[in-house]
Amino acid sequence: MTDTMNDTRIISYAATYQPDFKRINLEWISESFAVEPHDLEQLDHPEDHILPRGGAILLALRDNTILGTVAMINTAEVDATKPDFELAKMAVAKEARGLGIGRLLCEAAIDFARQAGASRVWLESNRKAVAAIQLYLSLGFVEAPLKPSPYTRADIYMELNF
């Protein structure tokens, strides 16, 4: 195995990376699920649906190639004293799966939320995403009751409280 961890950098989103952000996410979603309208809103217009109010997109970059993405969406009430982030659009390119890139992205997302003073990070997923669920559990996320979701594929809700 190559030294992927040392060769991969986590960088912040710039508009030039929007096609990579969309491509990598559509790739994983369409493998097992239908792409939904809310997916396309976020993937086509991250500046409107993810980045406002201190949100972020982090990308895994190796050899000038984007290999993974994760979004942090501030879902706290507008007048809240602390942000509350949804970890969303976490995806790794098919050719880079199993190399630890998802862990790097998830750890960077959690660090981002902590530095922003968040009270928690939450996410929705699907139980078919076994490797992702295991990753989230290993990083301290716990399952909580499922909440209403814009995604029909969401069948598990998890959160990490700080």
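Counting from 1, the numbers follow the sequence of the chain as shown. Owing to the predicted nature of the structure, the values given are computational and were not obtained by experimental measurement.
Residues satisfying the ring-ring contact (aromatic ring centres under 6.0 Å, His included) test with F141, not counting sequence neighbours, are Y136. Legend: residues meeting side chain to side chain donor-acceptor pair (under 3.5 Å) with E143, ordered by chain and number and at least two apart, are R127. Looking at residues two or more places apart in sequence or on another chain, you find a salt bridge (charged side-chain N to carboxylate O under 4.0 Å, His left out) between E159 and R120. Residues passing the salt bridge (charged side-chain N to carboxylate O under 4.0 Å, His left out) test with D111, sequence neighbours excluded: none. When the salt bridge (charged side-chain N to carboxylate O under 4.0 Å, His left out) test is applied to R53, no partner is found at least two apart in sequence or on another chain.
Side-chain heavy atoms closer than 4.5 Å link hydrophobic residues (I, L, V, M, F, W, Y) into clusters, and following such links, even through other members, never connects I50 to I110. Note: the hydrophobic cluster containing V70 also contains F162 (ILVMFWY, side chain heavy atoms under 4.5 Å, direct or indirect links). Residue L58 is grouped with residue L135 when hydrophobic side chains (ILVMFWY) are merged at heavy-atom distances under 4.5 angstrom, including chains of intermediate members. Hydrophobic clustering (ILVMFWY, side-chain heavy atoms < 4.5 Å, transitive): I73 and L40 are in one cluster. Taking hydrophobic clusters as Ile, Leu, Val, Met, Phe, Trp and Tyr residues chained together by side-chain heavy-atom distances below 4.5 Å, L104 does not share a cluster with I11.
Taking CD1 of I156 as the reference point, atom CG of L123 lies at 8.0 Å (rounded to 0.5 Å). Atoms CD1 and CZ, from I57 and F21 in turn, are 4.0 Å apart once rounded to the nearest 0.5 Å. Note that the CD1 atom of I10 and the OG1 atom of T69 stand 10.5 Å from one another [nearest 0.5 Å]. Considering NE2 of H49 and NE2 of H38, their distance stands at 8.0 Å, rounded to 0.5 Å. Interatomic distance, CG of L160 versus CG of L139, reported as 8.0 Å (0.5 Å rounding). Taken from CG in L67 to CG in L99, the straight-line distance is 8.5 Å, to the nearest 0.5 Å.
Closest heavy-atom contact between A113 and F85: CB-CD1, 3.9 Å. When all heavy atoms are compared, the tightest approach of I29 to A34 is CG2-O, 3.8 Å. The two residues G68 and I24 come nearest to each other via the heavy atoms N-CD1, 3.8 Å. Nearest heavy atoms, D7 versus R62: O-CG, 3.4 Å. Heavy atoms only, all atoms of each residue included: K82 and A76 are closest at O-CB, 3.5 Å. F112 and A56 make their closest contact through CZ-CB, 3.5 Å (heavy atoms, listed as atom of the first residue, atom of the second, distance).
Although no hydrogens or angles enter the test, the distance criterion places a donor-acceptor pair under 3.5 Å between the side chain of E36 and the main chain of T152. Judged by distance alone, with hydrogens and angles left aside, the side-chain atoms of E86 form no donor-acceptor pair with the main-chain N or O of N74 at under 3.5 Å. Looking at D63, its side chain never comes within 3.5 Å of a backbone N or O of T65 through a donor-acceptor pair.
Exactly one of R114, M72, M158 qualifies for a side chain to side chain contact (heavy atoms under 4.5 Å, CB included) with V121. That residue is M72.
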Which atom pairs, one a donor and one an acceptor, fall under 3.5 Å between side chains of residues 87-97 and the rest of the protein, sequence neighbours left out?
unit_1: K89; atom_1: NZ; unit_2: D39; atom_2: OD1; d: 2.7
unit_1: K89; atom_1: NZ; unit_2: Q42; atom_2: OE1; d: 3.3
unit_1: K89; atom_1: NZ; unit_2: Y151; atom_2: OH; d: 3.0
unit_1: R97; atom_1: NE; unit_2: V92; atom_2: O; d: 2.9
unit_1: R97; atom_1: NH1; unit_2: E31; atom_2: OE1; d: 2.9
unit_1: R97; atom_1: NH1; unit_2: E31; atom_2: OE2; d: 3.2
unit_1: R97; atom_1: NH2; unit_2: E31; atom_2: OE2; d: 3.3
unit_1: R97; atom_1: NH2; unit_2: V92; atom_2: O; d: 3.4

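At least one side-chain heavy atom of Q18 sits less than 4.5 Å from a side-chain heavy atom of D44.
Note on ring orientation: taking the six-membered ring where Trp is involved, the planes of Y157 and W122 are parallel (angle under 30°, cut-offs 30° and 60°).
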